Amino acid sequence: MSTRKTAPEGPFPYPTTPEWAEHLYEAIANTCAAEGFAPVPRQAVLEALAPALGQGEAKRVTELRRNVGRRFLRATAYHVEQRGTDGALLLLNVDLHGAATLPWANNDRTRSEWLHPSPENLARMEELVDQQRAVAEWTMARERAKTAQRALAPTAPRAEKDAAVAAVKNAEDELARAQREFQAREQALGRRRPLPVVRAVVEDGLPLAALTTEEVRAEVAGEVQRYAVEMLQRRARLRSYDLVESLVQEGQRESTVVVLQRTPVVGRDGVRRYIWRGRQVTGNNRGDARLQVLEVVAQQLLTGMPQYLLRLEGEEENRRLVLLGLGEILRRISTLLNTEYADPDRDPEGRAERALRIAQVPARVVVGARTPERLEESLRQLNVHDHLRGQLNYGEMDRSLGLWSTLVKAYQAKGVLGELLAKEVTQGRVRAGDLNEDAIADALVGARALDELAELLPPGDEVSALTLRDVAVRCATVMVFPPVPPRPENLPPGAHLPTGRYWPVVRTALQEASWSQSSTARTDRRTDMWAAVVAQHFSHRGNPLAARGLFSARDVQYGARPDARSLLSLLTACRQGDAEAWEVLVRRHLVPGLINAPEPFVTAGQGSEKGEDRKGVRRTPVNAVQALVYAYTAPPEGVTRELLIAFAEAVLRAPESPAGAGLVPGTFWAPDPHGNPREGTLADKGWFDTTFPKIASSRKRKTAEPPVGASAGEESEKGEESGPTTEQLDEEIPEDALTRMTRLRSDLSSVVDSSKNSVDTAAEQLGVLLAHIEDAVQAREEAGAQKAHPDARILYAEELGEIKKQGMEIARLLDAAALAVMSL
């Protein structure tokens, strides 16, 4: 059926008409002749380029010159790359359909994954593809046999049932044999594939500005394309963000280079045909990611798309029909997506909505070459330059700060920066409309002084370097880990959870996957960015990795809300015995100073430092912070509340504290149990680890003892005492039930939080364990090595089983605790 008359309007383009395809080729040929370039073949334009252009695009880039009566490319529609050299290329600047191009197998980023295309390797490749077909055929035979067996009626004769069982058994045996043969063929090729050879297309004895491969069977061409995509995706795992989600959220901004390439194939019927497709010379990963968003399989786009995948409304499904022409494939894709997009009740996460920003993408298509024989070399150099000599890679700290700047501007662009800070940082004391968003944004990214944040300070805080830095940290925390609204009570199970106005901003700016996909990598990435931002407010910048583990996946998903109390209020509450206030003070306000001090107290584990140069003990950042939190309710020997408060105040003041006798600016003497400076004892990591020793993850906190030296009462105004004022008993005075209940209730909140943090840490460590095992398995498969010794695998399995038993015990204890707390 013709979709041109009935196709719905929408953002997804339909192919250029045949008339304008001819006009486009005429303009390219005339322009190349005038510039001294060899043009692309006519069939390349008609079968690969024109179908990929939206209607009207060919008219936009061409013009009819009345003085000569011929068409040319507009001067603004093309440019010359490497002008003045033998490798000069004439590139046409156009917008292509998002599904029009394929990743290029000759990509230098994956060159090591390909074999030399020797005759022997090409022959092995043919055998491998034949064996793939055998595996597929026996897989289908097994499914048919099982279906026939299930279709038998219970009253069927015994002979029929036995025959059905035998047919299933035979199919399974043959499939297993075919799979063993396939593995042998794979091993013969070293689990790689021969690299396809490309050269310039030659017509009438003249080389032209397009590439062609050697003639192969259609199945071989499809396998080469599949393998190329697989290797590309393997390399893409090293990317620090989700490229697919990046294209969904922002579209493709960069203009990539595309070459038109011919693939001669022979079908199963022996008919030879030429397949013309655009290939991504640069932007291979983007080309693959676009196909993923559009749910198009690369090898099917090359060798033929099954009709049932692109069946139009009113069309009968035909499992034997394959669509070969690029124009027909793209026309059907656009028709289906425009139909879906026109539905007012369309799924916001559906294919049409996700592919909207890549309906058309910018590209520079090679349409002319000065020396076509050197076309492949010129394109390969473009590819190498794009990966090795293009934009300089960010350092980790600079990359994080660049992301932070992007995030701040994203909040501004969405108009929610003032709203978020007014609601979460000022707790509604200041209206969003009263905030100077531009000045605050500039201050947060370092373009202005932090004085612009003064209006965000809590009541009672004076404007000082300490308080401004603290409010900047609060802003960074809530912006990197924004709150997500509570789940609505009437939301059905499995439904999409509304993430509010702030979380989508972070997702878009950082190019992350959806809210439901929690991962340690995303947590680490956000934590690294937070650490880099916070470090900018200190003279001495610590290692951002020292913040790893201080935020959990739950903080990423649900947010890390700042406490409403000011620093002064928190310190006052800590002096009065508020354990919760102490934990907030440590985790949200002291951590930046503990990491970024001239003598850092919390480091990134020190795993690679020399023993003689290392201060303190090797411990994770989480352990160091947890030990400081525990010290308030279960103080180690020699630690008092006065010492803790003095240490906290010194850390907060440290960046601005003047240098004392024998001290470096920003450092301070360690406090004694009375909170006074102990001259001669520097507060550094060695002192910190000794005072707050490393704790075991399963360590239970002790009950805090009452402070030593409490006054027994005031002295009588007149006369002398008749006897001693104190008495030392042989036994401790038993604690009455009311006092014990009050104490236990007050400690419960911190105990629950501590247990939660311990379980979060265990879950993250198990995630690291799983990822490590999976990476090891993948590496073994890639190397083609044998499995580890059975005894070693059994030992690992037993150890994992013991861990699982502990997990079951944790679940049992939590069930009992949840039941008991109802009687609290």
Side-chain angles (χ1 to χ4, degrees), residues 121-194 216-231 233-234 265-271 295-311 316-324 774 777-778 780-788 790 793 797:
N121 288 331
L122 293 174
R124 295 188 184 105
M125 179 72 172
E126 294 276 350
E127 295 173 355
L128 177 73
V129 171
D130 289 339
Q131 199 58 40
Q132 276 183 327
R133 185 195 300 177
V135 170
E137 289 175 349
W138 280 113
T139 300
M140 294 177 62
R142 181 188 61 179
E143 294 306 315
R144 286 194 297 268
K146 288 185 175 181
T147 301
Q149 183 184 25
R150 288 191 293 266
L152 285 177
T155 57
R158 187 67 183 177
E160 289 187 19
K161 293 182 178 180
D162 291 342
V165 171
V168 172
K169 178 67 167 56
N170 179 67
E172 289 178 341
D173 291 343
E174 290 296 329
L175 175 59
R177 183 186 62 79
Q179 289 174 334
R180 288 194 298 270
E181 288 291 328
F182 176 75
Q183 291 299 326
R185 302 280 192 279
E186 277 263 62
Q187 195 64 36
L189 283 170
R191 301 190 179 279
R192 294 188 286 175
R193 305 290 185 269
V216 294
R217 286 190 293 147
E219 295 95 328
V220 174
E223 171 60 16
V224 168
Q225 186 63 59
R226 184 206 64 79
Y227 179 77
V229 170
E230 180 185 343
M231 294 303 103
Q233 292 177 350
R234 185 179 299 177
V265 299
V266 178
R268 292 189 181 183
D269 54 3
V271 176
E295 299 178 8
V296 175
V297 180
Q299 61 265 32
Q300 292 178 346
L301 184 62
L302 175 68
T303 59
M305 185 76 69
Q307 179 264 356
Y308 70 88
L309 295 177
L310 300 177
R311 185 169 61 88
E316 184 178 350
E317 181 177 304
N318 185 348
R319 287 276 174 168
R320 292 179 175 271
L321 183 61
V322 177
L323 308 173
L324 301 178
E774 290 176 341
V777 171
Q778 180 181 351
R780 180 191 64 77
E781 293 175 348
E782 292 173 355
Q786 297 294 324
K787 292 184 179 180
R793 284 181 279 154

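Because the structure is predicted, anything quoted here is derived from the model rather than measured.
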Practice problem: Decide side chain to side chain contact (heavy atoms under 4.5 Å, CB included) for V266 and V216; before the verdict, give the C-alpha distance in whole Å, the side-chain angles of both, and the deciding distance to 0.1 Å. | Solution: CA-CA 6 Å; V266 178; V216 294; over 6 Å; no
Exercise. Measure the CD-CD distance between E127 and Q132 for me, rounded to the nearest 0.5 Å.
Key: 13.0 Å
Quiz item: Does the side chain of L128 reach to within under 4.5 Å of the side chain of F182, using non-hydrogen atoms?
Solution: yes
Quiz item: What's the spacing between L321 CG and R311 CZ if we round to 0.5 Å?
Solution: 12.0 Å
Quiz item: If you count the non-hydrogen atoms of other residues, nucleotides and ligands that lie under 6.0 Å from CD in E316, is the total more than 12?
Solution: no
Practice problem: Working to the nearest 0.5 Å, report the span between CZ of R319 and OH of Y308. | Solution: 5.0 Å
Practice problem: Would you check if R192 and N121 make a side-chain contact, meaning some heavy-atom pair closer than 4.5 Å? | Solution: no
Quiz item: For L152 and A164, which heavy atoms make the closest approach, and how far apart are they?
Solution: CD1-CB, 3.6 Å
Practice problem: Answer yes or no: is there an ion pair linking E181 with R177, defined by an N-O contact shorter than 4.0 Å? | Solution: no
Quiz item: Does a donor on one side chain and an acceptor on the other come within less than 3.5 Å for Q131 and R180?
Solution: no
Practice problem: Quick one: closest heavy-atom pair of V168 and Q149, and the distance? | Solution: CG2-OE1, 3.5 Å
Self-check item: Q225/V229 under side chain to side chain contact (heavy atoms under 4.5 Å, CB included): CA gap, chis, key distance, verdict
Solution: CA-CA 6 Å; Q225 186 63 59; V229 170; 3.8 Å; yes
Quiz item: Would V224 and R193 satisfy side chain to side chain contact (heavy atoms under 4.5 Å, CB included), going step by step from the backbone distance to the final call?
Solution: CA-CA 7 Å; V224 168; R193 305 290 185 269; 5.6 Å; no
Quiz prompt | From CZ (R234) to CE (M231), nearest 0.5 Å | solution = 3.5 Å
Quiz item: Do the charged groups of R268 and E219 touch, with an N to O distance under 4.0 Å?
Solution: yes
Quiz prompt | Worked check of salt bridge (Lys or Arg N to Asp or Glu O under 4.0 Å) between E172 and K169 | solution = CA-CA 5 Å; E172 289 178 341; K169 178 67 167 56; over 6 Å; no
Quiz item: What pair of heavy atoms forms the shortest contact from V135 to A178, and how long is it?
Solution: CG2-O, 3.6 Å
Quiz item: What are the two closest heavy atoms between R133 and R217, and how far apart are they?
Solution: NH2-NH1, 3.5 Å
Self-check item: Flag side-chain contact, heavy atom, 4.5 Å: Q300 against R226
Solution: no
Practice problem: Start with the C-alpha gap between E174 and E137, add the side-chain angles, then the distance that decides, and say whether side chain to side chain contact (heavy atoms under 4.5 Å, CB included) holds. | Solution: CA-CA 10 Å; E174 290 296 329; E137 289 175 349; over 6 Å; no
Self-check item: Between OG1 on residue T303 and CD on residue E223, distance to nearest 0.5 Å
Solution: 11.0 Å
Exercise. Specify the closest pair of heavy atoms between V265 and A221, including all atoms of both residues, with the distance to one decimal.
Key: CG1-CB, 3.9 Å
Self-check item: Polar side-chain atom of K161 near backbone of P154 as donor-acceptor pair, under 3.5 Å
Solution: yes
Quiz item: Can you name the nearest heavy-atom pair linking P306 to G304, along with the distance?
Solution: CD-O, 3.7 Å
Quiz prompt | With D162 via salt bridge (Lys or Arg N to Asp or Glu O under 4.0 Å) - residues at least two apart | solution = R158
Self-check item: Atom pair CE (M125) and CZ (R185), whose distance is rounded to the nearest 0.5 Å
Solution: 13.5 Å
